[in-house]
Each structure stands twice: as C-alpha cells, then as structure tokens.
There are 2 protein chains.
Amino acid sequence: MSKKKEDLLEHAEDLFYKHGFHSVGLKRVVKEANVALMTLYNHFDSKEDLILEVLKRREKKYFSYLESSVIKPKNNSIALSLAEANIRWIRLHETNGCMFLRAKEEFSSDSNQEIVRYVNEHKKSLIRFFEKLNFDHCESTRLALLFEGATALSEILNVDDVARELIHSIEHLFEK
Amino acid sequence: MSKKKEDLLEHAEDLFYKHGFHSVGLKRVVKEANVALMTLYNHFDSKEDLILEVLKRREKKYFSYLESSVIKPKNNSIALSLAEANIRWIRLHETNGCMFLRAKEEFSSDSNQEIVRYVNEHKKSLIRFFEKLNFDHCESTRLALLFEGATALSEILNVDDVARELIHSIEHLFEK
DNA sequence: ACCTTTATATAGAACGGTCATTATATTTAT
DNA sequence: ATAAATATAATGACCGTTCTATATAAAGGT
C-alpha cells in the first residue's frame with residue numbers, strides 16, 4: 001500500500017467522520033492529506049469508491065479491536081469485556097455516532113446501492129461475530145442494540161455516564 | 001400558519017429524513033411541495049432556518065406522541081408503555097435513524113452552531129421528560145440509551161426483532 | 001357592484017460559488 | 001527511463017440565494 005494512499009484514507013476517514021460525506025469535498029481531503037488531487041484519482045475511481053474503501057478499512061480496525069479485547073477476558077464475562085472494548089473504541093474517536101450508519105443514511109439506496117449494501121452487511125457481520133462467541137441470536141441482537149445505543153448517546157452525553165448505564169445493563173441482562 | 005408553509009415543512013421533513021440535509025437541494029423541496037422557490041424564501045430566511053423549523057416541528061410531534069402513550073398505561077409499567085410507543089413511532093416513519101442526531105452529525109459545530117445546540121437540547125429534554133415521570137437520572141439515561149439503540153438498529157434489522165429485544169431489556173431492567 | 005390597495009404566489013433568469021471529474025503538461029523519484 | 005506525484009485549469013452540473021416581473025386573490029372603502 002502506497003504511503004500516499006494510506007494518507008488519503010486516514011484523512012478522508014477523519015474528515016468524513018467529523019463532518020459527513022457530502023459536506024466534505026475532495027479538495028479538502030487532498031489538502032489535509034498533503035496530496036495532489038490527481039494522486040487521489042490515481043488511487044481511487046471516484047469519491048464513492050474512496051468512501052467504500054474508508055469504510056472497509058474502518059471495519060477491519062473495529063473488528064480486530066473487538067477481537068483483541070476478547071482474548072483476555074480476565075475475570076469479566078465476555079459480554080462485559082466486549083462492552084468495555086466498545087466504550088474504549090468510542091473514547092478513541094470523536095463522538096459522532098456510527099460512521100457506517102451515517103454512510104447508509106447519507107446514501108439512500110437509490111443514490112448509491114453499493115454503500116448501503118455494505119453497511120447492511122457490516123452490521124450483520126457484527127451480530128454474527130457475537131454469535132460466534134456463543135451468544136444466541138437474540139442475545140446477539142440485544143448486544144448490538146445496546147452498543148448502538150451507547151454509540152449514539154455518546155454524541156450528546158459524556159462517555160462516562162453512557163458507560164455506566166451500558167455496563168449496568170450488560171451486568172443485569174447477561175449474567176454468566 | 002399558511003398552507004404553503006405547512007406543505008414546505010411537511011415535504012422538507014420527508015426529504016431530509018430520507019436522503020439527508022446536504023443531499024437534498026431546495027429546488028427538490030419546492031418541487032415536491034408544489035411551491036415556488038421564492039415562496040420558500042418568503043417563509044424561511046435560509047435553508048438552515050428551514051431545517052431548524054423542521055426539527056422543532058418534529059420535536060413537538062415526537063413528545064406529544066410519547067406523552068399521549070403515557071396517559072393510558074393500562075397494566076404495563078410506564079417504562080414498557082414508553083418503549084412500545086417508541087417502537088410505534090419507529091414503525092410510523094421510514095427507518096433512517098434519529099433525525100436529530102443526523103442533523104448534528106451533518107452540521108458540526110463550526111458549520112452551524114445553532115442546529116447542533118438545538119439537537120443537544122432536544123436530547124436533554126428527552127431525558128428530563130423521563131425524569132418528570134419519576135425515573136431517576138440513571139434510569140432516564142438508561143432508557144435513552146435503549147431507545148437510541150432501538151432506533152439505530154431498526155435501520156438494519158426489521159423492527160419486530162428490534163422490538164422484541166427492547167421489550168425484553170426493559171422488562172428485566174425496569175421492574176416496578 | 002366597482003375600484004384600489006395589500007399581501008402572497010408565481011415563473012424564470014441570473015449570480016457567484018463549489019462540486020466531482022478530466023485533461024494537460026511538468027516535475028520528482030527509483 | 002519508467003513510474004508516480006505534482007500544479008493548474010477546464011468542464012459541466014448543481015448549489016443557495018437574489019432579482020425582476022407577473023399573476024392571483026382577498027379586503028376595504030366609495
């Protein structure tokens with residue numbers, strides 16, 4: 001992977017997450033990434049192609065983040081350590097909601113079918129990820145619901161308050 | 001309130017919710033509402049003014065919807081009837097997430113401070129609404145987390161599955 | 001009833017700006 | 001010398017907003 005391409009993906013992710021996909025122009029992306037506009041088009045077919053690759057990159061990071069937190073579940077239950085990992089993930093980034101859902105919201109299916117399909121698939125992958133950790137389908141859906149809630153609410157309240165209620169809910173809903 | 005203004009607000013809400021605020025141009029709004037462009041600017045100062053009035057209108061509808069469901073709590077606990085009302089609200093509209101959060105996400109504070117401030121205030125109002133129903137602050141925050149989660153997850157899964165897990169969570173977390 | 005006023009809605013063009021994308025031509029590295 | 005990155009400008013489309021000029025319709029006074 002070219003360093004320039006890496007820079008582009010990095011700054012594009014940042015800008016799109018902070019301000020939205022339609023609000024950020026490509027000129028702004030290349031300026032922030034210190035790259036010429038033609039270099040962007042050398043690496044990506046179009047803006048929407050860039051967005052798709054940004055999402056794929058972010059998905060990889062997110063899942064490996066969750067996975068690494070499960071390996072060492074210390075004394076906690078798996079659900080709890082997953083919740084704590086999710087809170088840490090929220091803390092890492094600006095609190096602007098779920099980037100995947102935001103992509104789906106900005107690109108309705110008639111505007112860019114591929115992005116919408118990818119986001120749907122991503123969320124289903126998350127639920128399947130829970131199921132592979134031996135949660136049944138209902139529990140996995142419930143976990144997803146709680147995580148989405150925590151991500152969304154962190155846009156408004158400070159993360160500590162959100163974390164407290166997430167942990168509380170997990171402890172009462174998932175006792176091993 | 002002029003009928004034309006009403007039409008504009010109605011169709012603007014629809015389009016903005018379906019496709020996003022930056023994705024929808026004013027020409028599209030006036031065409032959908034069967035109104036001349038100048039009529040829009042006769043009733044609203046700017047696009048962002050229109051957006052703000054759309055949000056205020058929607059907030060009124062949402063809160064009166066929640067309130068009306070609490071008056072007749074039948075046998076259910078208040079938390080449960082609120083959850084069911086929220087599910088009904090989700091079913092009423094297309095499932096494209098929370099319009100208020102989406103507004104905040106598309107207008108970062110440096111882009112339009114007023115919209116961001118309004119959305120923050122709206123969510124705090126929701127929590128205060130729960131507190132007035134005698135939930136303590138933690139419980140109110142938890143309710144908000146669950147509702148946000150249900151709204152977000154309904155963008156991907158069908159509402160029945162989401163409703164089942166929301167109800168389950170409420171029943172186990174809020175026994176009277 | 002008739003005229004005048006006032007407010008509101010209309011269509012359409014124009015403005016300046018930004019957008020994604022493409023073309024051209026030059027420079028920088030390996 | 002081959003490939004990658006650069007700077008710059010052009011394209012055509014769309015954006016929010018404003019201007020102009022016309023049409024409609026209700027209201028009030030005579």
Side-chain angles (χ1 to χ4, degrees), chain A residues 1-55 102-103 105-116 118, chain B residues 1-55 102-103 105-116 118:
Chain A
M1 163 97 61
S2 155
K3 168 151 187 347
K4 292 286 175 184
K5 186 169 184 180
E6 191 65 34
D7 288 350
L8 283 168
L9 287 168
E10 184 75 34
H11 288 90
E13 180 177 350
D14 229 62
L15 286 169
F16 288 146
Y17 186 59
K18 219 174 252 164
H19 307 286
F21 299 95
H22 285 90
S23 300
V24 173
L26 294 181
K27 299 243 166 100
R28 196 161 164 203
V29 173
V30 298
K31 179 182 271 185
E32 207 81 11
N34 258 85
V35 165
L37 178 59
M38 277 312 297
T39 304
L40 189 155
Y41 276 98
N42 200 10
H43 286 298
F44 304 96
D45 291 340
S46 64
K47 183 182 186 180
E48 304 187 346
D49 179 41
L50 169 64
I51 292 174
L52 214 54
E53 293 217 30
V54 164
L55 292 178
R102 289 176 58 193
E105 290 156 357
E106 282 201 44
F107 296 93
S108 36
S109 55
D110 56 312
S111 143
N112 189 309
Q113 197 182 347
E114 209 177 346
I115 291 178
V116 171
Y118 183 78
Chain B
M1 162 96 61
S2 157
K3 168 153 188 346
K4 292 287 175 184
K5 186 168 185 181
E6 191 65 34
D7 287 350
L8 283 168
L9 287 168
E10 184 74 36
H11 288 89
E13 179 177 350
D14 229 60
L15 287 169
F16 287 146
Y17 186 59
K18 219 173 254 166
H19 307 287
F21 299 95
H22 284 90
S23 299
V24 174
L26 294 182
K27 301 245 165 99
R28 198 163 163 199
V29 173
V30 298
K31 178 181 273 186
E32 207 80 12
N34 257 82
V35 165
L37 179 60
M38 276 313 295
T39 304
L40 189 155
Y41 276 99
N42 200 10
H43 287 296
F44 305 95
D45 290 341
S46 63
K47 183 181 186 180
E48 303 186 347
D49 179 39
L50 169 63
I51 292 174
L52 215 54
E53 293 217 29
V54 164
L55 293 178
R102 289 176 57 193
E105 290 155 357
E106 281 202 44
F107 296 93
S108 36
S109 56
D110 55 312
S111 142
N112 188 310
Q113 196 181 348
E114 209 177 347
I115 291 178
V116 171
Y118 183 77

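Here is how names work: the chains are called A, B, and so on, in the same order as the sequence lines, proteins then strands, and each is numbered from 1.
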Student: Taking the nucleotide of DNA chain D with the closest heavy atom to each, which residue, A/Lys3 or B/Leu37, is nearer the 5' end?
Tutor: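 Its nucleotide being nearer the 5' end, the pick is A/Lys3.
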Student: Given side chains that start at C-beta, do those of B/Phe44 and B/Leu9 come closer than 4.5 Å, heavy atoms only?
Tutor: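 Answer yes - side chains close enough.
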Student: Can you give me the first and the last nucleotide of DNA chain C (5' to 3') that has an atom within less than 4.0 angstrom of a non-hydrogen atom in chain A?
Tutor: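 Taking any atom under 4.0 Å from a heavy atom of chain A, the span is C/dA20 to C/dA23.
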Student: I need the OH-P distance between B/Tyr41 and D/dT20, as an integer number of Å.
Tutor: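 Atom OH in B/Tyr41 sits about 17 Å away from atom P in D/dT20.
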Student: Contact list please: residues 43-54 of chain B against DNA chain C, heavy atoms, distance less than 4.0 Å, in numerical order.
Tutor: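 Going residue by residue through residues 43-54 of chain B, the ones with a heavy atom under 4.0 Å of DNA chain C turn out to be B/His43.
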Student: Expressed in angstrom and rounded to an integer, what is the separation of A/Met38 atom CE from D/dA3 atom P?
Tutor: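 Interatomic distance, CE of A/Met38 to P of D/dA3: 17 Å.
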Student: Going by number, which of residues 15-36 of chain B have a non-hydrogen atom under 4.0 Å from DNA chain D?
Tutor: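 Of all residues in residues 15-36 of chain B, the ones placing a heavy atom under 4.0 Å from DNA chain D are B/Val24, B/Gly25, B/Leu26.
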Student: Could you give the distance from CD (A/Glu114) to CG (A/Leu55), rounded to the nearest 0.5 Å?
Tutor: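 It is 11.0 Å, given to the nearest 0.5 Å.
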Student: Not counting sequence neighbours, list each pair that qualifies as a side-chain hydrogen bond (donor to acceptor under 3.5 Å, both in side chains) and has a residue in residues 30-54 of chain B.
Tutor: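 Residue pairs passing side-chain hydrogen bond (donor to acceptor under 3.5 Å, both in side chains), neighbours aside: B/Glu48-B/Asn112.
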Student: Where the side chain of B/His11 meets the backbone of B/Asp7, is there a donor-acceptor pair that is under 3.5 Å apart?
Tutor: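 Yes.
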Student: Could you tell me if the side chain of B/Val54 sits less than 4.5 Å from the side chain of B/Tyr17, heavy atoms only?
Tutor: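 They are not in contact (no side-chain heavy atoms under 4.5 Å apart), so the answer is no.
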Student: Just to confirm, is there a sub-4.0 Å distance from OP1 or OP2 of D/dA5 to any side-chain nitrogen or oxygen of A/Ser2?
Tutor: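 A/Ser2 to D/dA5 OP1/OP2: side-chain N or O found under 4.0 Å.
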Student: Check whether any side-chain heavy atom of A/His19 sits under 4.5 Å from a side-chain heavy atom of B/Asp110, and report yes or no.
Tutor: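 Side-chain contact under 4.5 Å: yes.
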Student: Apply side-chain contact (heavy atoms from CB on, under 4.5 Å) to the pair A/Gln113 and A/Phe107, showing each step before the final yes or no.
Tutor: CA-CA 8 Å; A/Gln113 197 182 347; A/Phe107 296 93; over 6 Å; no
Student: Which value, rounded to the nearest 0.5 Å, describes the distance between B/Arg28 atom CZ and B/Leu15 atom CG?
Tutor: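 The CG atom of B/Leu15 is 5.5 Å from CZ of B/Arg28, to the nearest 0.5 Å.
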Student: So how far is it from B/Glu10 CD to B/Lys5 NZ, rounded to the nearest 0.5 Å?
Tutor: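 Rounded to the nearest 0.5 Å, the CD-NZ separation comes to 14.5 Å.
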Student: Heavy-atom distance under 4.5 Å between the side chains of B/Phe16 and B/Leu50, does that happen here?
Tutor: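 Of all side-chain heavy-atom pairs linking B/Leu50 with B/Phe16, at least one is under 4.5 Å.
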Student: Please confirm whether the backbone N or O of B/Ser23 pairs with a side-chain atom of A/Glu106, one donor and one acceptor, at under 3.5 Å?
Tutor: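 Not confirmed, A/Glu106 side chain does not pair with B/Ser23 backbone.
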Student: I'd like to check the salt bridge (charged side-chain N to carboxylate O under 4.0 Å, His left out) partners of A/Glu6; sequence neighbours left out, ordered by chain and number.
Tutor: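 A/Glu6 satisfies salt bridge (charged side-chain N to carboxylate O under 4.0 Å, His left out) with A/Arg57 once adjacent residues are dropped.
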Student: What dot-bracket string describes DNA chain C from 5' to 3', counting Watson-Crick and G-U wobble pairs whose defining distances are under 3.5 Å, with [ ] for crossing pairs and | for pairs to another strand?
Tutor: ||||||||||||||||||||||||||.||.
Student: Testing the basics here: between A/Ala103 and A/Ile115, what is the closest heavy-atom pair and its distance to 0.1 Å?
Tutor: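 Reported closest heavy-atom pair: CB-CG2, 4.0 Å.
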